[in-house]
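Contents: one structure, followed by commentary.
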Amino acid sequence: MEHIQAIRGMNDVLPSDSALWRYIENIIRQTVYSFGYDEIRTPILEKTELFKRNIGAATDIVEKEMYEFNDRNGDSLALRPEGTASAVRLGLEHGLLAQGIQRWWYMGPMYRHERPQKGRYRQFYQLGVEAFGVMSADIDLEMILLSEALWHNLSLRAPLLLQINTLGTATSRKTHKEKLVDYLSGYHDELDVDSQRRLHTNPLRILDSKDEKTQKIIRDAPKLIDYLDEAAKAHFDAVCAGLDALGIAYQINPALVRGLDYYTHTVFEWVSNELGAQGTVCAGGRYDSLVEQMGGKPMPAVGFALGLERLLLLLQLQQVEVQEPADIYVVSTPGAPRLYALKLARVIRNRRKNLRVVTDCSDASFKNQFKKADKSGANIALIVGEDEYTEKSVTIKNLCNPEVAQKRLDEETVLNFVDEYNRRDYNGRILQRR
């Protein structure tokens, strides 16, 4: 019988990779916590209309990539392709956005049906960070500072370039859109097929085209930054001045647009040149009209999302290895000694919740169990054989220094030893645990 394989673009995480995943996730949790953001969790399934209405019907996500289907009740549902619309829906549904300034974060899988490639998958994991209720440019700066803190805390050596732009207000975009369409219409037949289609549905997205001929055309296209009204210009100037004051290097990229309709004012991306075509690691910006668009009162908002798979790739490129060795490996013989060993391991875990205690439950010989103990990276082994079980004792073996003699101790002495145990102090061999 043929084995069933995973769906294309939806990847398994193997035990050999999961330590690095946990490292990234733990750093993320620590960093967003340090900035005072609270966690939210939203369903993977939402009503399709939530995304069609608020992301934009003419966007690639809705037109080409969203997984949508009718359930048994005939309701149209979608696997979430992004997290911001769900976050706003949560805030409105539970009345949280009426309670003043909100700072949230979330992490989990998103889904888009696109061509899988390195760093770009159909099921992918994102961190999303959102802030509601602050109009000043200072919150834009905080978002950039938070993302910068992640690169620092993750010890990323690969340089990430911050690119920023402004999409202005609806008024300035309307004026610019008219000029842009007039300009691009003169080159209609030279544009790539996607850009021809977008010309009258979502012309701003043409600025993000990767087609070489189209890129040459848009170099001389009207730039939105030249059509900003006074409020939009003042906001963008404040962001740039703030970045200068904070010493954060950046590049203004007039062609930087976001693939979602709800963005206004500041947009930004952190880009790496080490990931090929999928160089954007983190992207975000303001979406001041979205809450009102979804039925709430007008409320300023800003956020960003970053792809965990791309962080993983960057760390793998700099050959980061995260070790999660066992602390204690329990070797025993089957039967009553094994049950005694399992009970002992439970007591140890309850007393020292930070220790990783592995109990060998196989019928292998002591020799083979010790081979597995060495492979686990444990510093010490606790041995329970027939003699130990009869005497209610435990033998301690130093796995790192075979010259140290084994000791047989009574149970209480062993537990006292475990209470004082520290990997670094036991034998001087320091394995990095992150």
Side-chain angles (χ1 to χ4, degrees), residues 49 51-66 81-82 84-85 112-115 120 163-233 235-236 239 251-269 271 277-280 283-290 292-294 301-305:
E49 191 62 21
F51 303 114
K52 282 192 172 180
R53 190 196 309 165
N54 300 301
I55 291 177
T59 60
D60 282 356
I61 291 175
V62 170
E63 279 190 333
K64 301 178 180 179
E65 300 168 0
M66 194 160 64
E82 60 94 46
T84 299
R112 297 182 191 176
H113 191 280
E114 51 188 348
R115 185 170 64 86
R120 188 170 190 162
Q163 296 186 343
I164 65 170
N165 192 22
T166 177
L167 300 183
T169 60
T171 303
S172 52
R173 280 199 306 280
K174 184 175 182 294
T175 304
H176 171 252
K177 179 180 176 180
E178 293 170 355
K179 300 290 184 182
L180 183 63
V181 170
D182 284 346
Y183 170 81
L184 293 174
S185 295
Y187 297 92
H188 179 275
D189 293 341
E190 299 174 51
L191 296 173
D192 61 275
V193 174
D194 274 346
S195 294
Q196 290 177 1
R197 177 177 52 82
R198 289 171 174 159
L199 187 57
H200 297 288
T201 58
N202 196 0
L204 264 183
R205 291 289 288 133
I206 298 176
L207 301 178
D208 197 33
S209 172
K210 301 300 186 288
D211 180 81
E212 288 187 13
K213 282 186 67 177
T214 301
Q215 284 182 339
K216 290 179 181 178
I217 293 169
I218 61 180
R219 282 175 195 160
D220 296 322
K223 294 176 173 54
L224 177 55
I225 201 167
D226 295 328
Y227 295 88
L228 298 179
D229 55 38
E230 289 187 12
K233 188 176 187 307
H235 189 98
F236 190 59
V239 171
Q251 176 187 84
I252 297 175
N253 178 2
L256 175 60
V257 295
R258 304 297 304 124
L260 312 176
D261 280 358
Y262 52 63
Y263 281 104
T264 58
H265 288 295
T266 312
V267 289
F268 66 90
E269 290 186 356
V271 181
Q278 303 307 316
T280 300
R286 295 196 72 98
Y287 50 96
D288 293 338
S289 61
L290 183 59
E292 183 179 16
Q293 181 180 315
M294 291 180 61
V302 62
F304 70 79

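What you see is a predicted model, and the numbers here were worked out from it, not measured in a lab. In this chain, numbering begins with 1 at the start of the sequence shown. Computation of the quantities below employed the complete heavy-atom set of this structure, encompassing side-chain atoms and omitting hydrogens, waters and symmetry-equivalent molecules.
- For the atom pair CZ of Arg173 and NZ of Lys177, the computed distance is 10.0 Å after rounding to the nearest 0.5 Å.
- In this structure a side-chain-to-backbone donor-acceptor pair under 3.5 Å is present from Asn165 to Pro254.
- Taking both residues in full, the closest heavy atoms of Leu184 and Leu199 are given as CB-CD1, 3.5 Å, listed atom of the first, atom of the second, then distance.
- Annotation: side chain to side chain contact (heavy atoms under 4.5 Å, CB included) contacts of Gln196 (sequence neighbours excluded): His188, Leu191.
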(request) Start with the C-alpha distance between Thr169 and Asp229, add both sets of side-chain angles, then the distance that settles side chain to side chain donor-acceptor pair (under 3.5 Å), and finish with yes or no. (result) CA-CA 8 Å; Thr169 60; Asp229 55 38; 2.6 Å; yes
(request) Determine, stepwise, if the pair Glu178 / Lys174 fulfils salt bridge (charged side-chain N to carboxylate O under 4.0 Å, His left out). (result) CA-CA 6 Å; Glu178 293 170 355; Lys174 184 175 182 294; 3.2 Å; yes
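- Heavy-atom minimum distance, Ser289 versus Thr264: OG-CG2, 4.2 Å.
- For His235, the side chain to side chain donor-acceptor pair (under 3.5 Å) test picks out Asp140, with sequence neighbours left out.
- With sequence neighbours excluded, no residue forms a side chain to side chain donor-acceptor pair (under 3.5 Å) with Thr166.
- Considering CD of Gln163 and OG1 of Thr280, their distance stands at 7.5 Å, rounded to 0.5 Å.
- Taking CZ of Arg112 as the reference point, atom CE of Met66 lies at 11.0 Å (rounded to 0.5 Å).
- Counting heavy atoms from C-beta on, the side chains of Tyr263 and Leu290 never come closer than 4.5 Å.
- Annotation: the span from Leu180 atom CG to Ile206 atom CD1 amounts to 6.5 Å, rounded to 0.5 Å.
- Minimum heavy-atom separation, Glu82 to Phe51: O-CE2, 3.9 Å.
- Around the OH atom of Tyr187, the shell of radius 6.0 Å holds no more than 12 heavy atoms that belong to other residues, nucleotides or ligands.
- Scored by the side chain to side chain contact (heavy atoms under 4.5 Å, CB included) test, Thr175 finds Tyr227 as partners (sequence neighbours excluded).
- Between Glu190 and Ile217, the shortest heavy-atom distance links the atoms CB-CD1, 3.8 Å.
- One N or O on the side chain of His176 and one on the backbone of Pro222 form a donor-acceptor pair closer than 3.5 Å.
- In this structure, Leu167 and Val267 approach most closely via the heavy-atom pair CD1-CG1, 3.7 Å.
- The salt bridge (charged side-chain N to carboxylate O under 4.0 Å, His left out) search around Lys223 returns none, not counting sequence neighbours.
- Side-chain atoms of Asp192 and Thr214 include a donor-acceptor pair closer than 3.5 Å.
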(request) Check the pair Asp194, Arg197 against salt bridge (charged side-chain N to carboxylate O under 4.0 Å, His left out), reporting the backbone distance first and the verdict last. (result) CA-CA 5 Å; Asp194 274 346; Arg197 177 177 52 82; 3.2 Å; yes
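- Listed here is the closest heavy atom pair of Leu228 and Ser172: CA-CB, 3.9 Å.
- Between the CZ atom of Phe268 and the CD1 atom of Ile252 there is a distance of 15.0 Å, given to the nearest 0.5 Å.
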(message) Evaluate Asn54 against Gln293 for side-chain contact (heavy atoms from CB on, under 4.5 Å), listing each step before the verdict.
(response) CA-CA 7 Å; Asn54 300 301; Gln293 181 180 315; 3.3 Å; yes
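- To the nearest 0.5 Å, atoms CD1 (Ile218) and NZ (Lys213) are separated by 14.0 Å.
- The side chain to side chain contact (heavy atoms under 4.5 Å, CB included) check on Ala301 picks up Phe132, Tyr287, with sequence neighbours excluded.
- Using a cut-off of 4.0 Å between Lys/Arg side-chain N and Asp/Glu carboxylate O, Asp288 and Arg286 are scored as salt-bridged.
- Annotation: side chain of Tyr183 is in contact with side chain of Asp220 (closest heavy-atom distance under 4.5 Å).
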